[in-house]
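These notes concern the structure reproduced below.
Numbering of ligands and ligand atoms starts at 1, following listing order. These numbers come from the heavy atoms of this one structure, side chains and all, not from hydrogens, waters or symmetry mates. Counting begins at 1 with the first residue of the sequence.
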Amino acid sequence: MLGLDFIRANRAAVEKAIADKGVTLDLDNLLSLDSEVRALKTEIEALRAERNAISARFKSVPPEERAELGRRAKEAGARAGELENALAEKQALLTELQMRVPNIPWKGAPVGPDETFNTVIRREGEPPKFDFEPLDHVALIEKNDWAELGRIVQVSGSRTYCLKGRLALLELKLMGWALQQIADAGFTAISVPAIAREQAFINQGQFPGHVEETYALPNDDLYLAGTAEVALTSLHSGEILEGDKLPILYAGISPCFRREAGSAGKDVRGLLRVHQFFKVEQYVICEADDAQSAEWHAKLLQLAESLLKALEIPYQVIETSTGDMGLGKFRMNDIESWVPSLGKYRETHSCSTLHDWQARRANLRYRGSDGRVRFAHTLNNTALASPRILVPLLENHQTADGRVKLPPVLQELMGGEFL
Ligand SMILES: Nc1ncnc2c1ncn2[C@@H]1O[C@H](COS(=O)(=O)NC(=O)[C@@H](N)CO)[C@@H](O)[C@H]1O
């Protein structure tokens, strides 16, 4: 979220961000609540000062005046107590609104309400030209008996998957390989739970806006996260990190759970959009410096691209529009991988810069070299998410006889030329 001082001082920019991100938020209401809260705080402080002044004088006045003084002190205290309740109420309303204020998108983001305004920045790798009728990933899986996509539905319901044999082995080796690649780039490998408390979802930004997309465990006041980003954003919550310990670089791995509440009818066939999946996540906590954030954004993107190049999957890098990037983003670049059976590129990675929008929510701060304590900047990007990545992987590398020829890096992992 944005600081109140920033919102007051940059009202026009915040109004524009609200409009460009398609957020419904009454900024006037927020600002009037803000001034009410500040007025109440001033009044309470004055009452406290009055009561203290009276108490200080208590000993030096003649006894007959003490009863009156005592009454006035008590009155001031009681009045302060009433105002404290009003303050707590208004403060809660103000914080709830402040949580919904969008980050200011960078000036290079296409302005528009949704993904149709996203633009292609560049393409890497040529989509394969098959001299045979290519199969889609479901047909390839069925032909090679690499999963129980039918049976598992009666066990676990729709949007679940159950890989078998060498494809099951490939999925976990791929996750381990991706984790190793990001660790080799200097990130600390860290496996985090999907289970997390409500505050972690508020800190990361999933709440309050997307509660319905999140699996809840109401008996335990817990939820299941759809990304390691949730746990990683709050791992150091409440701490004041030493500046020289930044940037903190995590290669997070976790199971991910998503209700996909808003996706009815989308990607219902196969592995593209499932309720539970694995993801290796790149996560950065760096100093509150826009240039540093921009460098890390480029680095996270380059690392994800290096994995796609090693897997020999053609892809394009997208500049995400203001309406599609989400509340907390300053900048978001998706990477879309070529899916032959669809004849189009589909999102497999999402790289985001959030500046201090998450850190302010998570109370994630650091002491700079100048001794000042500031909220940090956070960034995240997908390294690899499975099973979605298996779709372009299988389809782009299929052969006429329905096998899958592995790219060299996977031939080593899987001990053979073919899956
Ligand atoms: N329901 C799903 N099924 C399969 N894969 C998914 C699903 N939802 C997301 N993913 C994969 O996870 C990637 C990241 O998801 S994201 O919501 O776009 N972004 C994040 O979670 C960020 N933390 C960056 O990883 C997606 O690009 C996609 O590859």
Side-chain angles (χ1 to χ4, degrees), residues 115 118 137 149 156-161 163 171 174-175 178-179 182 187 190 192 194 196 200-201 203-206 209-210 213-215 224-235 250-285 296-297 300-301 303-305 307-308 311 313 315-318 320 324-329 331-339 345-354 357-358 378-393:
E115 69 285 347
N118 296 350
H137 71 284
L149 295 184
S156 306
S158 64
R159 293 194 190 281
T160 59
Y161 73 106
L163 303 184
E171 178 175 56
L174 257 180
M175 290 292 99
L179 190 63
I182 306 301
F187 288 63
I190 184 168
V192 294
F201 293 84
N203 294 348
Q204 175 258 351
Q206 178 82 356
H210 300 278
E213 288 164 35
T214 313
Y215 282 107
L224 294 179
T227 172
E229 181 196 344
V230 169
L232 293 172
T233 299
S234 293
L235 198 60
Y250 285 130
I253 183 162
S254 76
C256 303
F257 296 86
R258 299 191 186 198
R259 293 192 63 237
E260 292 296 337
S263 311
K266 270 166 70 177
D267 307 321
V268 290
R269 178 174 161 83
L271 302 178
L272 275 172
R273 193 180 295 273
V274 293
H275 288 312
Q276 174 185 340
F277 57 98
F278 294 108
K279 177 161 58 56
V280 175
E281 178 82 353
Q282 305 175 70
Y283 196 89
V284 175
I285 302 172
W296 279 111
H297 188 101
L300 296 182
L301 210 45
L303 284 170
E305 292 186 56
L307 300 191
L308 284 173
L311 297 175
I313 293 174
Y315 65 86
Q316 61 183 17
V317 180
I318 298 295
T320 306
D324 188 37
M325 69 166 69
L327 217 50
K329 313 299 173 66
R331 179 175 192 180
M332 185 160 97
N333 291 117
D334 282 355
I335 304 178
E336 300 177 344
S337 298
W338 177 251
V339 178
Y345 293 87
R346 288 302 304 272
E347 181 208 315
T348 50
H349 296 71
S350 186
C351 182
S352 296
T353 290
L354 297 106
W357 193 86
Q358 281 179 325
T378 61
L379 299 96
N380 66 78
N381 187 16
T382 318
L384 215 57
S386 179
R388 187 174 290 186
I389 197 64
L390 300 178
V391 176
L393 186 67

*Please assess Lys329 against Leu354 for the test side-chain contact (heavy atoms from CB on, under 4.5 Å), listing each intermediate value before the final yes or no.*
CA-CA 5 Å; Lys329 313 299 173 66; Leu354 297 106; 4.0 Å; yes
*Would you sort out whether Val192 and Ile190 count as a side-chain contact (heavy atoms from CB on, under 4.5 Å), showing the intermediate values?*
CA-CA 6 Å; Val192 294; Ile190 184 168; 4.1 Å; yes
*Let me see the working for Leu271 and Leu149 under side-chain contact (heavy atoms from CB on, under 4.5 Å), right down to the final yes or no.*
CA-CA 9 Å; Leu271 302 178; Leu149 295 184; 4.1 Å; yes
*Would you sort out whether Ser234 and Gln204 count as a side-chain contact (heavy atoms from CB on, under 4.5 Å), showing the intermediate values?*
CA-CA 8 Å; Ser234 293; Gln204 175 258 351; over 6 Å; no
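Looking at atom 22 (C) of ligand 1, its nearest protein heavy atom turns out to be Asn380 OD1, 3.2 Å. Protein heavy atom closest to atom 25 (O) of ligand 1, with residue, atom name and distance, is Glu281 OE1, 2.6 Å. In terms of protein heavy-atom proximity, atom 6 (C) of ligand 1 is nearest to Phe277 CZ, 3.5 Å. Counting protein heavy atoms only, atom 26 (C) of ligand 1 is closest to Glu347 OE2, 3.1 Å.
Not one N or O of Ala385 is nearer than 3.5 Å to an N or O of ligand 1, by distance alone. Not a single N or O atom of Asn381, backbone or side chain, sits closer than 3.5 Å to an N or O atom of ligand 1.
Heavy atoms of Ile335 come nearer than 4.0 angstrom to ligand 1 in no pair at all.
At a 4.0 Å heavy-atom cut-off, ligand 1 does not touch Ile389 at all. By the criterion of a heavy-atom distance under 4.0 Å, both the backbone and the side chain of Val274 are placed next to ligand 1. If you look at Lys279 next to ligand 1, the close heavy atoms, those under 4.0 Å, all belong to the side chain. Here Ser350 has heavy atoms under 4.0 Å from ligand 1 in both its backbone and its side chain.
Close contacts between ligand 1 and Leu272 involve ligand atoms 3 (N), 4 (C), 5 (N) [criterion: under 4.0 Å to a heavy atom]. Which parts of ligand 1 touch Glu229 is read off a 4.0 Å heavy-atom cut-off, strictly below it: atoms 22 (C), 23 (N). In summary, the atoms of ligand 1 found under 4.0 Å from a heavy atom of Glu260, numbered by their order in the structure, are 1 (N), 2 (C), 8 (N).
A pairwise comparison of heavy atoms in Glu229 and Tyr283 identifies CG-CE1, 3.9 Å as the closest pair.
Distances from atom 15 (O) of ligand 1 to the heavy atoms of Arg259, Arg258, His349, Arg388 show the closest one on Arg258. When Thr348, Leu300, Thr382, Leu271 are ranked by how near their heavy atoms come to atom 29 (O) of ligand 1, first place goes to Thr348.
The backbone N or O of Leu272 lies less than 3.5 Å from a partner atom in the side chain of Arg388, making a donor-acceptor pair. A distance-only check finds a donor-acceptor pair linking the side chain of Arg159 to the backbone of Arg273 [under 3.5 Å].
A donor and an acceptor atom, one from each side chain of Thr320 and Asn118, are nowhere located under 3.5 Å apart. Checking Thr382 against Lys279 by side-chain atom types alone, no donor-acceptor pair falls below 3.5 Å.
When the options Glu171, Gln276, His275 are evaluated for a side-chain hydrogen bond (donor to acceptor under 3.5 Å, both in side chains) with Tyr161, the one that passes is Glu171.
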